[in-house]
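Presented below is the structure to which this report refers.
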Amino acid sequence: MSQSSGTLFVVATPIGHREDISARALDTLRSVDLIAAEDTRNSGQLMQHYGIRTPLTALHEHNERSASATLIQKMQSGSSVALVSDAGTPAISDPGALLVEEAMAAGIRVVPIPGPSALTTLLSVSGFSARHFFFYGFLPVKAGARARELEGLKGLQATLVFYEAPHRIQDCLAALAEVLGGERRVVIGRELTKLFETVHKTTLAGALPWIEADPNRQRGEFVLAVEGASQPADTDPSRYDALLLALLEKLSLGDAVRIAMQVTGTGRKLLYERALQLTQGTRG
Ligand code: SAM
């Protein structure tokens, strides 16, 4: 038996440009016994392009449970399986999580073969901090539910990432502006890695007029990155007294302020003025 027998490989495939697939992904797809694909016709075209003749079987949201059970039996008998979705990374707003969960529970080795995802593709060119980001995926279709979800995200100090279908992109942008406020910036990623790739940065107030100015801008696949909420103003100077006093016992004023800035993420001015007050014994 080969080293990969009884293994489930979760393989990322391109989100548009066919060459965005790793050498390891191609090797894996070539060498497994079976490829479980969200849409066998769609993945069949990719396999044909790369001359891969591995048999394909369907695993999509409507048959995930029964298809997973069959695949687990096959892997338990020694077959190796690669899971792919229509585009990007399986299980990211796509089927796959159930198969992975059940494979793990059955003691089957699960191996990720990483690659593209629309989420990371847009974040990498958004210019927004992705130190923290919140991937929401698709917002609810109904206006009320969508607004409630957005209310829940409004205070997050993290870049927000959404997927959206072309026929809902205008409603989605209108709701984002209404609930999160027009001043926040957004990066609209359309048809990433494809012929009509567009990356447009604007404010939420400017997003709908931009997309409505040209019907071509409303076509294709969309991913949106919205700037996170700004930090609440840190105006209480006594908040860091304990830290500053401990640092000032051992360090110069400048060093104490520098370390307090690193620890708290607070601005220099506020910390410096407070440290000065503390050293002069004018605590108020
Ligand atoms: N698993 C995929 C991934 O890793 O990104 C996502 C699958 S989800 C069903 C499909 C959605 O991803 C599309 O409706 C769109 O919002 C986004 N998407 C996929 N490919 C894209 C592309 N090339 N450009 C922009 N958005 C894309």
Side-chain angles (χ1 to χ4, degrees), residues 8-22 24-25 28-29 35-43 45-46 49 58-64 82-101 110 112-128 130 133-141 146 149-150 153 159-176 186-202 207 210-211 214 216-226:
L8 173 64
F9 295 92
V10 181
V11 183
T13 58
I15 59 165
H17 198 301
R18 275 187 172 166
E19 282 167 32
D20 292 335
I21 186 160
S22 74
R24 189 170 168 229
T28 304
L29 294 168
I35 298 171
E38 190 182 2
D39 179 336
T40 52
R41 242 186 7 186
N42 180 67
S43 297
Q45 287 171 6
L46 183 71
H49 179 76
L59 182 142
H60 44 70
E61 61 173 326
H62 305 294
N63 77 345
E64 196 173 357
L83 171 71
V84 298
S85 62
D86 268 1
T89 303
I92 306 293
S93 292
D94 262 340
L98 183 77
L99 174 63
V100 169
E101 170 105 323
V110 179
I113 309 289
S117 180
L119 154 71
T120 46
T121 304
L122 181 66
L123 274 178
S124 72
V125 293
S126 70
F128 293 156
F133 65 85
F134 184 92
F135 173 60
Y136 187 92
F138 291 97
L139 280 162
V141 176
R146 185 168 51 211
E149 288 300 289
L150 288 174
L153 302 175
T159 299
L160 308 173
V161 185
F162 302 96
Y163 285 167
E164 194 49 278
H167 58 282
R168 279 198 281 271
I169 190 68
Q170 284 149 282
D171 284 353
C172 175
L173 290 172
L176 287 169
V186 58
V187 177
I188 302 172
R190 181 176 86 90
E191 293 287 272
L192 297 175
T193 77
K194 302 187 204 177
L195 186 60
F196 296 109
E197 177 180 86
T198 313
V199 176
H200 181 72
K201 196 172 208 166
T202 177
W210 177 80
I211 216 157
D214 179 351
N216 286 324
R217 294 178 184 165
Q218 297 152 30
R219 301 210 172 101
E221 298 199 273
F222 289 91
V223 52
L224 307 170
V226 181

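All values derive from a computational prediction rather than experimental measurement. Both backbone and side-chain heavy atoms feed into the values below; hydrogens, waters and symmetry mates do not. Read the numbers this way: they start at 1 and go in the same order the structure lists the ligands and their atoms.
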Open item on the list: Please determine whether the number of non-hydrogen atoms from other residues, nucleotides or ligands lying under 6.0 Å from atom CD of Gln218 exceeds 12.
Closed with: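 Yes - once you tally the heavy atoms of other residues, nucleotides and ligands closer than 6.0 Å, there are more than 12.
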- [ ] Assess whether atom CZ of Phe138 is packed by more than 12 heavy atoms of other residues, nucleotides or ligands within 6.0 Å.
- [x]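 Yes.
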Task: Lys/Arg N to Asp/Glu carboxylate O, Arg219 vs Glu191, below 4.0 Å - done: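 Glu191 and Arg219: not salt-bridged.
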Do [X] and ligand 1 have an N or O pair less than 3.5 Å apart?
X	answer
Tyr163	yes
Pro116	no
Phe222	yes
Pro90	no
Ala87	yes
Arg190	no
Leu192	yes
Leu119	no
Asp94	yes

Task: ligand 1-proximal atoms of Lys194, by part, heavy-atom distance under 4.0 Å - done: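 Side chain only.
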If the cut-off is 4.0 Å to any non-hydrogen atom of [X], which atoms of ligand 1 fall inside it?
X	answer
Glu164	16 (O)
Ser93	7 (C), 8 (S), 9 (C)
Thr89	1 (N), 3 (C), 4 (O)

Open item on the list: With a 4.0 Å cut-off on heavy atoms, is Thr193 in contact with ligand 1?
Closed with: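 Thr193 does not count as a contact of ligand 1 under the 4.0 Å cut-off.
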Open item on the list: Does the residue Phe138 have a heavy-atom contact with ligand 1, meaning some pair of atoms that are separated by less than 4.0 Å?
Closed with: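 Yes, that is the case, since the closest heavy atom of the residue is under 4.0 Å from the ligand.
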How far is [atom] from its nearest protein heavy atom, and which residue and atom name does that atom have?
atom	value
atom 3 (C) of ligand 1	Ser117 OG, 3.4 Å
atom 20 (N) of ligand 1	Glu221 OE1, 3.4 Å
atom 18 (N) of ligand 1	Ala118 CB, 3.5 Å

Taking the side chain as everything from C-beta on, heavy atoms only, tell me whether [X] gets closer than 4.5 Å to [Y].
X	Y	value
Val141	Arg168	yes
Pro114	Thr89	no
Leu123	Val161	yes

Looking at every heavy atom in both [X] and [Y], which two are closest together, and how far apart are they?
X	Y	result
Ser124	Thr121	OG-O, 2.8 Å
Gly115	Ala12	N-CB, 3.4 Å
Ala82	Val11	CB-CG2, 4.0 Å

Open item on the list: Could you check whether any side-chain N or O of Glu221 sits under 3.5 Å from a backbone N or O of Ala165, counting only pairs where one atom can act as donor and the other as acceptor?
Closed with: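 Looks like no, no N/O pair under 3.5 Å.
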Open item on the list: Once you measure the plane-to-plane angle for Phe162 and Tyr136, does it fall in the parallel (<30°), tilted (30-60°) or perpendicular (>60°) bin?
Closed with: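 Geometry flag for Tyr136 against Phe162: tilted rings.
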